[in-house]
Amino acid sequence: MSGKIVVTGVGATTPLGGDVQSTWRALLAGESGISTLEQEWVARYELPVTFAGQAKVAASTVLTPQEAKRLDPSSQFALIAAREAWADAGSPEVAPERLAVEYATGIGGVWTLLDAFETLKERGPRRVLPMTVPMLMPNGPAAAIGMDIAARGGVRTAVSACASSTEAVANAITRLQSGDIDIVVAGGCEAGIHPLPIAAFAAMHALSRNNDNPAAASRPYDIARDGFVMGEGAGALVLETEEHALARGAKIYAELVGGSVTSDAHHITAPDPEGTGAARAVIAALKQANAKIEDVVHINAHATSTPVGDIAEYTALRRVFGDHLDNIAISATKSSTGHLLGGAGAIEAIFTVLALKERIAPPTINLDSQDPEIPLDVVTSPRKLPDGPILAISNSFGFGGHNAVIAFRSYN
Amino acid sequence: MALSQSEVLAGLAEIVNDETGIATEAVQLDKSFTDDLDIDSISMMTIVVNAEDKFGVKIPDEEVKNLITVGDAVNFITAAQG
């Protein structure tokens with residue numbers, strides 16, 4: 001089929017709120033979801049980074065004890081977000097064979113894996129939980145969602161580090177265009193606020209060390225930025241063929257018009273300084289959208305607040321948009337949420353969709369002194385977007401040289 | 001001191017409830033773990049290990065397949081307490 005694809009439901013649990021509305025309101029209010037970690041293991045392991053963006057609402061307060069017991073924290077977040085999105089879409093009637101899931105994670109069930117190893121060392125193999133493997137596998141979140149909504153059209157997991165969930169949304173396009181599928185629940189999750197990932201990301205000097213002022217630590221484009229801030233949570237979008245959505249009278253947030261994935265083959269962690277692969281991803285997404293660069297009015301940037309990453313993305317954007325880049329309202333929402341890794345693209349896709357629907361670009365906080373090497377029009381307080389048909393993109397890039405870009409158009 | 005059969009049943013019902021959410025009063029001696037209580041093999045192994053910890057007994061893996069009903073498990077645990 002060649003018809004349109006639309007967004008008919010959104011769900012999220014983030015450091016800013018336990019659902020989409022509370023997250024979006026906090027984002028527009030310029031709040032930070034980042035705070036000092038109170039867990040005893042921070043001191044026990046003498047972690048060099050003592051803060052993160054923890055989920056505002058604990059998953060254990062939303063799920064039943066039995067659900068929580070059988071799901072890694074990453075899958076718990078995923079299920080919460082997917083249920084909200086599904087309910088928001090009106091719990092659609094759809095043939096299970098025509099319902100699919102594209103749900104990502106960056107790391108997978110790291111809590112389960114490492115807790116199980118502790119159990120093995122301390123108590124022996126018989127005490128290792130029989131649910132350990134299905135809880136730790138990276139496709140666990142996608143499988144949990146698929147079971148919950150009875151999706152039998154295929155349940156898949158993109159794993160491309162911090163590009164994962166944007167890639168998952170892009171992958172949904174081909175499913176929906178195949179003609180075999182009516183609805184895809186897409187997105188991603190992460191629950192990596194555990195001493196090992198913190199130590200490991202800190203070891204590569206990827207994390208901000210602004211331990212004294214956590215709320216100001218995630219500061220994309222600011223001259224004093226010194227690394228990203230880990231966040232946790234999940235986002236989910238119900239993506240549907242327009243034909244199916246209209247037939248059931250669904251509310252429509254926006255149209256998903258493009259999605260592309262490229263790779264740098266440059267360095268395992270460093271972005272290509274020329275931004276070539278990222279630029280190709282943007283161009284391919286716009287081409288798929290049948291859009292001109294002048295159509296783009298808003299970008300939810302990857303912008304993790306690392307010194308080199310923010311510049312590399314700027315270089316890629318300037319390469320694509322030229323002088324028009326100065327007319328585009330840029331939001332770096334990781335300044336508020338932190339970096340949800342495999343969940344980042346999903347919540348940023350939701351922010352992009354809401355920006356188009358409500359015609360308002362969300363602010364970037366902590367931009368006290370903008371890096372002169374990144375002359376972007378950064379939105380620092382909520383900004384009205386133009387009337388009429390408008391287009392926005394959301395970028396995500398990941399270790400491994402992964403570039404993923406999705407494009408949405410306003411829907412009337 | 002060894003627990004009585006009814007005390008073992010009550011303790012086992014708590015373990016089953018904790019793992020599966022099944023109400024403790026539904027865990028009765030004549031109920032089959034799989035056919036009546038709909039407990040899968042993964043939950044069953046977790047219940048067995050938790051029962052070993054709680055009652056201080058050893059339930060060999062080859063014995064688990066013989067524990068068809070709640071009563072089978074209660075009888076095994078009661079006897080194994082010595």
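Throughout, protein chains are lettered first and strands after them, A, B, ... in sequence-line order, and every chain is numbered starting at 1.
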- Task: Report, by ascending residue number, the residues of residues 152-162 of chain A in heavy-atom contact with chain B at a distance under 4.5 Å; give 'none' if the set is empty.
- Result: none

- Verdict with reasoning, Lys69(A) to Asp18(B), per side chain to side chain contact (heavy atoms under 4.5 Å, CB included): CA-CA 9 Å; Lys69(A) 198 187 294 280; Asp18(B) 185 51; 3.2 Å; yes

- Task: Please tell me if the side chains of Gln66(A) and Glu19(B) come closer than 4.5 Å, counting only heavy atoms from C-beta onward.
- Result: no

- When rounded to the nearest 0.5 Å, the distance separating CZ of Arg70(A) from OG1 of Thr20(B) is 9.0 Å

- State whether the number of non-hydrogen atoms from other residues, nucleotides or ligands found under 6.0 Å of Lys56(A) atom NZ is greater than 12. no

- Query: Which region of Asp40(B), side chain (C-beta onward) or backbone (N, CA, C, O), has a non-hydrogen atom less than 4.5 Å from a non-hydrogen atom of chain A, or is it both or neither?
  - Reply: side chain

- Query: Heavy atoms under 4.5 Å from chain B: which residues of residues 113-133 of chain A carry them?
  - Reply: Arg123(A), Arg126(A), Arg127(A), Leu129(A), Pro130(A), Met131(A)

- Item | Region of Ser43(B) that comes under 4.5 Å of a non-hydrogen atom in chain A | both

- Message: How about CD on Glu93(A), more than 12 heavy atoms from neighbouring residues, nucleotides or ligands closer than 6.0 Å, or not?
- Response: no

- Task: Tell me, yes or no, whether the heavy-atom count around Asp53(B) atom CG, taken from other residues, nucleotides or ligands under 6.0 Å, exceeds 12.
- Result: yes

